[in-house]
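Proteins get letters first, then strands, A, B, ... in listed order; numbering begins at 1 in each.
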Amino acid sequence: MSENKSTEQAPVDTSDLIAVRRAKLEALRAEGQDPFRANWAQTHTSAEAVKSYEAWEAEQPPLPEEEGAHREDCPDEVSVAGRIVVFRVMGKASFVKILDRDGQIQLYVTRDGLPEGIYNTYFKKLDLGDIIGARGTLFRTKTGEITVRVSAYALLAKALRPLPEKFHGMSDSEQIYRQRYLDLIANAESRERFQTRSKIVKEIRQFLWGRDFTEVETPCLHGVAGGAAARPFVTHFNALDCDFNLRIALELHLKRMLVGGFERVFELGRVFRNEGLSRRHNPEFTMLEVYQAYTDHRGMMDLIQGLIRHLCENVLGTFQIKRADSDEVIDFAAPWREVTYKELIIEAAGDADWFSRSKTDKLAACEKLGIQVDPELEDFAVTNDVFEKLIEPKLIQPTFVMNIPKELCPLAKISEADPDTIDVFELCINGQEIAPAYSEQNDPDVQRTMFMEQVGDDIQNLDEDFLMALEHGMPPAGGMGVGIDRLVILLTGAANIRDTILFPSLRPRV
RNA sequence: GGGUCCUUAGCUCAAUCGGUAGAGCAGUUGACUUUUAAUCAAUUGGUUCGGGGUUCGAGUCCCCGAGGGCCUACCA
């Protein structure tokens with residue numbers, strides 16, 4: 001050991017974790033070894049290796065009952081790779097756990113199992129966080145853990161910085177968001193949540209493809225940011241020398257697709273709203289919008305119910321979800337409640353004549369109900385505050401809120417049954433809005449009038465190109481929007497929208 | 001945007017009334033060929049987020065700034 005010291009090395013500050021690792025790196029380079037390999041032939045992931053051993057074991061004769069009985073290794077060699085997350089050297093034998101995309105697998109490495117000299121000179125100098133590949137046969141340790149008996153290994157990528165602490169993981173929320181990769185290495189729940197998110201997105205596509213929907217991609221850069229009422233992010237298009245908005249919704253282009261004869265379309269895409277951040281808001285978030293010709297909001301009710309049940313079945317494996325902050329269970333299998341907006345308001349206000357009262361009376365009633373309402377709001381908005389503050393938070397089980405006042409949705413058809421309202425539902429679950437859906441407005445003149453009321457004097461915010469498309473004729477259709485991030489919150493029990501977004505918006509660190 | 005709380009070693013956290021900044025993990029050295037947060041022994045490591053102030057003395061009190069959490073506001 002002491003003879004190796006002859007190669008001249010700058011004294012290493014052993015207190016500096018990075019310097020120690022850099023010194024190890026330099027030592028390897030000085031010997032002509034490459035601490036950053038180009039590839040490794042991985043034959044099994046951790047889970048695949050375990051599975052293959054179990055399959056082999058099932059065909060072996062049972063072990064005798066006597067003490068110390070053990071099996072020979074499974075003869076098939078496996079090659080695994082991953083990041084070292086546990087490193088226990090016990091003299092001439094070591095246990096190492098590596099983390100790969102499926103999870104962890106244990107490696108058993110001994111001095112005599114490796115080529116001569118390797119164990120002491122190189123293996124023991126590996127660090128937590130290093131990425132290695134290893135080959136060997138599988139066996140069970142005396143505690144029963146399926147383990148690779150390593151006959152060869154290679155350092156594939158040296159980690160120059162230490163991992164977060166192994167037991168408590170990483171809990172500094174700022175670091176979790178800014179250095180998500182560390183969170184993913186250190187915190188298994190986080191890793192699983194994002195895998196679940198990915199499965200949800202995959203199964204949404206499977207479900208819609210299965211119903212003959214076509215996935216399309218429409219522009220993010222919009223001349224007029226329409227389809228919702230939110231402040232857009234503005235950017236400048238140099239070649240055309242004009243300002244563009246990042247889209248705030250997918251709606252108006254997908255409806256152009258309906259005009260163009262794509263009768264069943266959807267888009268899963270990022271939208272951007274230049275508004276505040278909160279536990280439930282991130283300025284860029286993912287929307288699913290679905291449009292289906294020759295159906296209406298009723299058809300959308302079947303679709304969303306089918307979609308969410310499909311996700312329960314294929315992603316979660318259950319129709320019952322326990323709420324994060326209480327013992328209440330959300331049951332997606334039971335029939336979903338259907339109730340009109342007016343019924344809910346009348347019930348919450350305890351006033352059958354609510355809708356014929358003056359705004360002054362409504363404001364007085366709000367005070368009695370214990371909610372603060374801005375007196376400057378328009379009449380319908382006062383009522384909607386009652387809905388948002390008093391009713392929505394209590395809609396825990398899946399509930400279709402039907403017949404919303406027409407002022408709230410300028411892109412939907414007026415209801416024949418109640419002309420003050422539109423053919424719309426808002427699906428509320430777990431106290432929040434999960435999916436609004438409409439019978440889409442396809443009368444270009446009515447649409448223009450509704451737009452004019454919405455934009456007021458701001459006439460340049462009128463999407464004339466969209467109105468022209470409608471004039472060419474859009475088939476009757478049902479349409480629906482789903483905030484994917486909030487759906488993931490619901491299905492994973494996440495506390496915060498940021499826990500469902502890999503890299504949430506944060507102020508840049510200078 | 002407003003309110004409020006937080007920021008101490010690489011990570012997770014202590015530090016009494018304002019009195020020399022500590023521990024576990026990680027690291028380093030040594031022992032150990034079936035460990036499971038391995039164990040045992042020894043040991044290194046601090047611009048207490050940044051700047052200013054009060055004080056004999058500041059991690060602790062005050063002011064300014066930075067970043068973050070929560071609440072709230074805007075958000076069909």
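Side-chain N/O atoms of A:Glu145 and base N/O atoms of B:U35 include no donor-acceptor pair closer than 3.5 Å. Side chain A:His281 to base B:C75: a donor-acceptor pair is found below 3.5 Å. Looking at A:Ser171, its side chain has no donor and acceptor atom pair within 3.5 Å of the base of B:U12.
Remark: RNA chain B forms stems of 3 or more consecutive Watson-Crick or G-U wobble pairs, all pair distances under 3.5 Å, at B:1-7 with B:66-72, B:10-13 with B:22-25, B:27-31 with B:39-43, B:49-53 with B:61-65.
Every pair passing salt bridge (charged side-chain N to carboxylate O under 4.0 Å, His left out) that includes a residue from residues 374-384 of chain A is listed here, sequence neighbours excluded: A:Lys362-A:Asp379. Residue pairs that meet the salt bridge (charged side-chain N to carboxylate O under 4.0 Å, His left out) test with at least one member in residues 421-446 of chain A, sequence neighbours left out, are A:Lys255-A:Glu440. Listed by first and then second residue, the ring-ring contact (aromatic ring centres under 6.0 Å, His included) pairs that reach into residues 108-134 of chain A are A:Phe87-A:Phe123, A:Phe95-A:Tyr108, A:Tyr108-A:Phe139, A:Tyr119-A:Phe123, A:Phe123-A:Tyr153, sequence neighbours excluded.
Under the salt bridge (Lys or Arg N to Asp or Glu O under 4.0 Å) criterion, A:Asp465 pairs with A:Arg256, not counting sequence neighbours. Scored by the ring-ring contact (aromatic ring centres under 6.0 Å, His included) test, A:His222 finds A:His253 as partners (sequence neighbours excluded). Partners of A:Phe466 under the ring-ring contact (aromatic ring centres under 6.0 Å, His included) rule, at least two apart in sequence or in another chain, do not exist in this structure. Considering only residues two or more places apart in sequence or on other chains, A:Glu192 meets the side chain to side chain donor-acceptor pair (under 3.5 Å) condition with none of them. By the salt bridge (Lys or Arg N to Asp or Glu O under 4.0 Å) test, A:Glu267 pairs with A:Arg247, sequence neighbours left out.
Between A:Arg231 and B:C74, a side-chain N or O to OP1/OP2 separation shorter than 4.0 Å is absent. Applying the 4.0 Å criterion to OP1 and OP2 of B:U34, one finds that A:Lys142 has every side-chain N and O outside that range.
Nucleic acid contact class of A:Asp172 (heavy atoms, under 4.0 Å, all strands): sugar-phosphate only.
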Which atom pairs, one a donor and one an acceptor, fall under 3.5 Å between side chains of residues 167-174 of chain A and the rest of the protein, sequence neighbours left out?
residue	atom	partner	partner atom	Å
A:His168	ND1	A:Glu165	OE1	2.8
A:His168	ND1	A:Glu165	OE2	3.1
A:Asp172	OD1	A:Glu174	N	3.0
A:Asp172	OD1	A:Gln175	N	3.4
A:Glu174	OE2	A:Arg178	NE	3.0
A:Glu174	OE2	A:Arg178	NH2	3.4
A:Glu174	OE2	A:Arg509	NH1	2.5

Note to self: Please encode protein proximity along nucleotides 1-9 of chain B as a string of B, S and -, counting only heavy-atom distances under 4.0 Å.
What the structure shows: ---------

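Comment: A:Asp418 engages A:Lys342 in a salt bridge, judged by a side-chain N to carboxylate O separation of less than 4.0 angstrom.
Taking the C1' atom of each, B:G59 and B:A42 are spaced 30 Å apart, rounded to whole Å.
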Write down the protein N/O and nucleotide N/O pairs, taken from nucleotides 38-49 of chain B, whose separation is under 3.5 Å; answer none if there are no such pairs.
residue	atom	partner	partner atom	Å
B:A38	OP1	A:Lys166	NZ	2.3
B:A38	OP2	A:Arg88	NH1	2.1
B:A38	O5'	A:Arg88	NH1	2.6
B:A38	N6	A:Val89	O	3.4

